[in-house]
Amino acid sequence: MIKKLILAASVGTALFALPVSAAQLVLFNVDDPGVGFNDPTPATPVGGNAGTTLGEQRLIAYDRALTLWGSVLKSNVPVIVQGSFARLTCTAAGGTLAQAGAISVFSDFANAPLAGHWYGGAIADAIAGEDLDPGYADIVANFNGAVGQADCIPGPGFYYGLDNAPPPGAIDFLNTFMHEVAHGLGFQNFVDETDGTLLVDVPDVYTANTRDLDLNKKWDVMTTDERLFSGVNTGRVVWDGPKVTAGSAGVLGPYEGLRVSGKLSRELDFGTASFGAPPSPSMKVGSIVAAIDNDGTPNPSDACGPLINNVRGKVVLADRGSCGFAVKAANAQAAGAVALLIANNAPGAGAIGLGGADPTLTITTLGISFEDGADIRAALPGVSAQFFSDKTRRAGASEGFVRLYAPGVVQPGSSISHFDTVATPNLLMEPAITPTLMASRNLDLTPALMFDIGWKAEPVALGQCVSTVPGALANGALVLPAVEDCLATGTPRSYGVCVAKLARDYEAAGLIDRKQRVSLTACGVADATSRAK
């Protein structure tokens, strides 16, 4: 018997659909006239987005994201994505950037790989081969259309270009939406990590692939107390699906760590910053000095004002809070520091990525946990920091499995339903969108996780010819944008030659085998011949 639970509901018709050669993800626009997707404010085309109004640019960017995901996943049932760009809760100090996820969940439907487990509506439809919830959307993905205004997360706001090249301080919408829609497609569990309870006492397919290495159990068979413990077991909660595990070697780089030595000796988890120099094993070793500023605030260790102690050539330790991360880094840099460590400001709060923008910053800034910050401070003076690389380990993995985000204090909506921030390079499904992401061309380990939970791969189609090459390769590279580059070479002949070279390059990199290379090359020839007629 099929079980169904509606988390949120909507009814409507689709605004536009994707090509029938791919899984169809379609937008259901719920914005009122004149706002959001329908905003008539003039806009200048940017980054491959030809829209001339704000609403048009939003539609084009949204459509592009749906097209890219449709080129990766197979489904003969349209996936309806309810979308809006109406204002969400926000102030000048911050607020909600976006909200996304599955609208309904199902269990025990036709062909369900796991009995007695919830699946989001989109993947349940794809596996069942039918629309289990006719007339209802599958995913909700609402964005804050007021972002960038003076009273709502002020700054440049969203960048709607399709090239992942936002100006400093702008929020790359394509990266953000590719992340958000992934949650609705299945990159989420339905567990309340604050108390360890399942959704109406039924596990979900995501929990069936979530393992605690210390308990040696998956989340779907744990007790409530065990899930409550595991939800904050930093570094020990992993994804054990075979596709992600196999793909991690081609995506994750060598382990890059931060080590302190002297009176305190340990490795530290850390988050990187969206500004300044990235961490590197060549980063200068430095003695750590606690920040002392003179801004007159109750906490002189937050580096929110000019530093008055001698930090030249040192690594500064500052507390989170009171001002932006980039402000702290600017003050440390002005005082001559070689690097900055920002400790989280609540017991149990783990290392986090640091947002902000300042093109003048050149020092490396890292976020560390509250406990690591407190222990370092207690051991000063006499503690030094060094960044290092270890090729025998993978950045973002534990015991060969990719780590999930499990900070020491539960972060609802972020804990467990993301990859850990320690991954290098940064992954699309970390809790924060980082500047190095290129979701217009590569989704790293995200497609692999989709395949682990039951999605099938959509093959690359060139015209009427369907190849045996999947739309997303093992390293997350998307084939569609590369084929589009070939189409842009100008002539059918150059297009066919370009596809053949693309196929050879993929084979040489070990991303496809010989038969797949032949298949993609043949489709390139067939489609080029058809276009030449």
When you measure from the side chain of [X] to the backbone N and O of [Y], does any donor-acceptor pair fall under 3.5 Å?
| X | Y | answer |
| --- | --- | --- |
| Asn310 | Arg312 | yes |
| Asn49 | Tyr160 | yes |
| Asn189 | Thr207 | no |
| Asn144 | Thr96 | yes |
| Ser287 | Lys314 | no |
| Asn309 | Ala290 | yes |
| Ser398 | Gly235 | yes |
| Asp319 | Asn345 | no |
| Gln333 | Thr360 | yes |
| Asp212 | Asp214 | yes |

Polar contact flag, side-chain donor to acceptor under 3.5 angstrom, [X]-[Y]:
| X | Y | result |
| --- | --- | --- |
| Gln386 | Ser261 | no |
| Asp195 | Thr197 | yes |
| Tyr506 | Gln516 | no |

Query raised in the report: Got a sec, which residues hit ring-ring contact (aromatic ring centres under 6.0 Å, His included) with Phe187, two or more places apart in sequence or on another chain?
Result: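 Partners of Phe187 by the ring-ring contact (aromatic ring centres under 6.0 Å, His included) criterion, ordered by chain and then number, come out as Tyr206, Phe419.
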
Quick one: pull up [atom1] in [X] and [atom2] in [Y] and give me the separation to the nearest 0.5 Å.
| X | Y | atom1 | atom2 | answer |
| --- | --- | --- | --- | --- |
| Thr272 | Leu258 | OG1 | CG | 12.0 Å |
| Thr176 | Leu428 | OG1 | CG | 9.5 Å |
| Leu366 | Ile352 | CG | CD1 | 12.0 Å |

Query raised in the report: Aromatic rings Tyr62 and Phe85: how do their planes relate, parallel, tilted or perpendicular, breaks at 30° and 60°?
Result: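 The rings of Tyr62 and Phe85 stand perpendicular, inter-plane angle above 60°.
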
Requested in this report: Would you sort out whether Asp390 and Glu267 count as a side chain to side chain contact (heavy atoms under 4.5 Å, CB included), showing the intermediate values?
Outcome: CA-CA 12 Å; Asp390 182 350; Glu267 290 183 16; over 6 Å; no

Would you check if [X] and [Y] make a side-chain contact, meaning some heavy-atom pair closer than 4.5 Å?
| X | Y | answer |
| --- | --- | --- |
| Gln188 | Met429 | no |
| Pro347 | Glu371 | yes |
| Ile376 | Ile368 | yes |

**Report entry** Residues, nucleotides or ligands: over 12 heavy atoms within 6.0 Å of Lys501 NZ
**Finding:**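 It does not: Lys501 NZ has 12 such atoms or fewer within range.
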
Requested in this report: State whether Lys328 and Asp293 are salt-bridged, where the test is any N-O pair (Lys NZ or Arg NE/NH1/NH2 against Asp/Glu carboxylate O) under 4.0 Å.
Outcome: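 Answer for the salt bridge query: no.
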
